[in-house]
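Since the structure comes first, as structure tokens, the remarks are kept for the end.
When reading the values below, keep in mind they use all heavy atoms of this one structure, side chains included, and skip hydrogens, waters and symmetry mates. Just so it is clear: chains get the letters A, B, ... in the order the sequence lines come, proteins before strands, and each one is counted from 1. In this text the structure is predicted, and so the values were computed from the model without any measurement.
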Amino acid sequence: MTRPVAVWWVKRDARLTDNACLVEAERLGLDVLPFFCFEPSLLAADDTSDMHTNAQWQALSGLRTTLRKHNADVVIAHGEAVEKLAKLHARVPFTHLLSHEEIGNEITFRRDRAVAAWCRERGVAYQEFPQSSVRRSGVNRDRLQEMWRSRIANARPLPVPAIHQSDTLRQLAAATTFPRLQAFSVNSHWQPVSEADGLNTLDAFLTHRGRSYRGGISSPNTAFTAGSRLSVHLAWGTLTARQVWHAVRERLAALDPDDPQSARWKQSLQAFLSRLHWRDHFTQRLESEPALEFQTLHPCYRDLQFENNEQLHTAWRDGCTGYPLVDAVMRCLAATGFVNFRMRAMVVSFACHVLHLDWRLIHPHLARVFRDYDPGIHLNQLQMQAGVVGWNAIRVYNPTKQLTDWDSECRFVKQWVPELQDTTPEHIINAKSVSGYPGPVVPFTERAKWMASQLYAKRNSPEAKASTTAIYLKHGSRKKERVSRRKRPSKSVPPKKTQTRGLFDDLPDE
DNA sequence: ATCACTTTTCG
DNA sequence: GAAAAGTGA
């Protein structure tokens, strides 16, 4: 009467919809036992924080609630994965271990390898299923479009299959409880993470909020509602890119051409889809080049010396640089775990180009204050904004210009930097001294120019130029041919039509 | 000539 | 991204 058991090892995929592990268990006709492990070695990592552990706890709590409606439950463990799996195996001799293919940092990769080795030793069939278009260990970027088409665009999200779980298994799972961790206390500033919250967020974006996406995501005052807010769900796997992609495509197809609002919706949703696709481009780069967690993709920057002044680092981290928008963003992140892309890019640019801090030095803190921390996205964006990828122009964000452009009334600044509560916007923007708020820790223009010159000097060395092409071919975008443009078209030439941007042109984000 | 806006180039 | 260059009223 007892069927063989497949353990579904839940990691960043605490959801029932579009879950290949559950579908596979059903296909094999196995009982399924979901298993989640809070791992001390991961909890202690310098890029992990309570914000992340709390997200996983919420996702898992949601999963448990849903599973119970299916008359099933999840085993919750606290300990190292191999050790806990072995202990479970002694109790329930499962034949299969199913999990999603995680593109993470070195710690999770090594952990996955150790689990695979344990499975081989024990004769447990271990299978990992991709949950994005990223190809494991694949480096051929020419085939990425094809991967996206076959895995995302031309494949429907998987429906929730029947879940078979014996009473014995269910009782065993139900008896396991959450470990007592500080991270599990509720913080109302943090965005909720669960499959149900993910679906609600997606729905609200597609029915109301999404209209303002285009034009709304740049300002920190509007981005909290105009942004999709799906990043946490994609990061922790309470939604998949495939679910989101198809939901957005359906919404686009359903737009009423007679509705004057439709044009705006269309622009917004297409801009969003483009970014959704870019996620995988970056994740693929980390999968192909895991060393970029520790060193720059381009060799010419590896011997670059950074000032790494500890006072400047602390001032940046705590939001005390004397640059109001930078400080507001750092404090907002620490409190909420979220801010829009542009503001994140600005604080990275500021730390690297103005404070002269190594991107590896600022990496752990940022990872910890991003509730949507996803190593593939984070590490690539970090290197890109630090200007060490090699082929993009070096982007230096001017915090004063950003303030004028996106928070000219200083609403966001005042919300997070109460010292400036009673100061007028003009006063703040012109950096007049305010008692109780520090002046600029370092001068912007001079320091930014100096760092840019350092970076360009590295890049322009003949050896560097030689390797740039090779690296670009391996890791750059495939979409647009890099045609050398005519310097100055003659007057007689018919006006060239403005090149319409495709979804995947080499202009990530803003 | 000037202004507002877009495109191109690039420490 | 920012600045310079271009465009068209």
Side-chain angles (χ1 to χ4, degrees), chain A residues 214-220 223 267 271 274-275 278 282 296 298 300-301 304-307 321 323-326 329 339-357 359 362 380-408 412 429 431 440 442-462 464-465 468-469 472 476-477 479-502 505-510:
Chain A
R214 192 171 175 278
I217 58 169
S218 290
S219 165
Q267 288 179 326
S274 162
R275 287 176 173 84
W278 270 103
F282 288 125
T296 61
H298 199 301
C300 76
Y301 302 106
L304 197 62
Q305 295 295 306
F306 297 91
E307 192 178 322
T321 65
Y323 287 84
L325 192 56
V326 172
V329 169
V339 78
N340 54 322
F341 173 85
R342 178 182 287 270
M343 293 299 114
R344 296 189 197 199
M346 182 190 70
V347 296
V348 171
S349 165
F350 190 82
C352 296
H353 302 314
V354 182
L355 301 181
H356 300 173
L357 306 173
W359 60 274
I362 64 171
N380 275 292
Q381 283 293 350
L382 206 50
Q383 287 208 22
M384 185 140 54
Q385 301 305 333
V388 293
V389 173
W391 56 80
N392 303 101
I394 290 167
R395 297 170 167 191
V396 181
Y397 287 66
N398 181 332
T400 309
K401 184 176 186 297
Q402 294 297 318
L403 181 58
T404 325
D405 289 351
W406 307 113
D407 187 33
S408 55
F412 180 76
I429 289 170
V442 288
F444 170 79
T445 310
E446 173 194 327
R447 304 258 310 180
K449 278 188 177 163
W450 185 84
M451 182 49 88
S453 73
Q454 296 288 298
L455 292 167
Y456 279 111
K458 293 286 182 196
R459 183 194 289 197
N460 289 337
S461 78
K465 283 184 170 170
T468 301
T469 315
Y472 183 82
S477 161
K479 186 62 182 190
K480 196 168 53 182
E481 276 177 70
R482 318 193 100 203
V483 196
S484 62
R485 267 185 284 268
R486 216 197 331 253
K487 282 275 186 308
R488 191 184 301 270
S490 64
K491 283 278 161 63
S492 60
V493 169
K496 70 254 173 227
K497 53 182 181 295
T498 39
Q499 225 182 337
T500 47
R501 291 214 165 282
D505 288 352
D506 197 9
L507 268 186
D509 294 299
E510 314 208 48

[atom1] of [X] versus [atom2] of [N]: gap in Å, rounded?
X: A/Lys465; N: B/dC10; atom1: NZ; atom2: C1'; result: 13 Å
X: A/Gln385; N: C/dA2; atom1: CD; atom2: C1'; result: 14 Å
X: A/Gln381; N: C/dG1; atom1: CD; atom2: P; result: 11 Å
X: A/Met346; N: C/dA2; atom1: CE; atom2: P; result: 11 Å
X: A/Asn460; N: B/dC10; atom1: CG; atom2: P; result: 13 Å
X: A/Arg447; N: B/dG11; atom1: CZ; atom2: P; result: 22 Å
X: A/Trp406; N: C/dG1; atom1: CH2; atom2: C1'; result: 12 Å
X: A/Tyr456; N: B/dT9; atom1: OH; atom2: C1'; result: 10 Å

| said: Tell me whether the side-chain N/O atoms of A/Gln402 come closer than 4.0 Å to OP1 or OP2 in C/dA2. | reply: yes
Quiz item: Has A/Lys401 got a side-chain N or O lying under 4.0 Å from the OP1 or OP2 atom of C/dA2?
Solution: yes
Practice prompt. Would you indicate whether A/Arg447, at its atom CZ, is surrounded by more than 12 heavy atoms from other residues, nucleotides or ligands within a distance under 6.0 Å?
Written response: yes
A/Thr445 meets the side chain to side chain contact (heavy atoms under 4.5 Å, CB included) criterion, sequence neighbours left out, with A/Lys449
Per atom distances to the A/Asn398 side chain, the nearest of C/dA2, C/dG1, B/dG11 is C/dA2
Of C/dG1, B/dG11, C/dA2, the nucleotide closest to the side chain of A/Arg342 is C/dG1
Sorted by chain and number, sequence neighbours left out, ring-ring contact (aromatic ring centres under 6.0 Å, His included) with A/Tyr301 holds for A/His298
Kindly indicate whether the side chain of A/Trp359, heavy atoms from C-beta on, has any atom under 4.5 Å from the side chain of A/Met384.
no
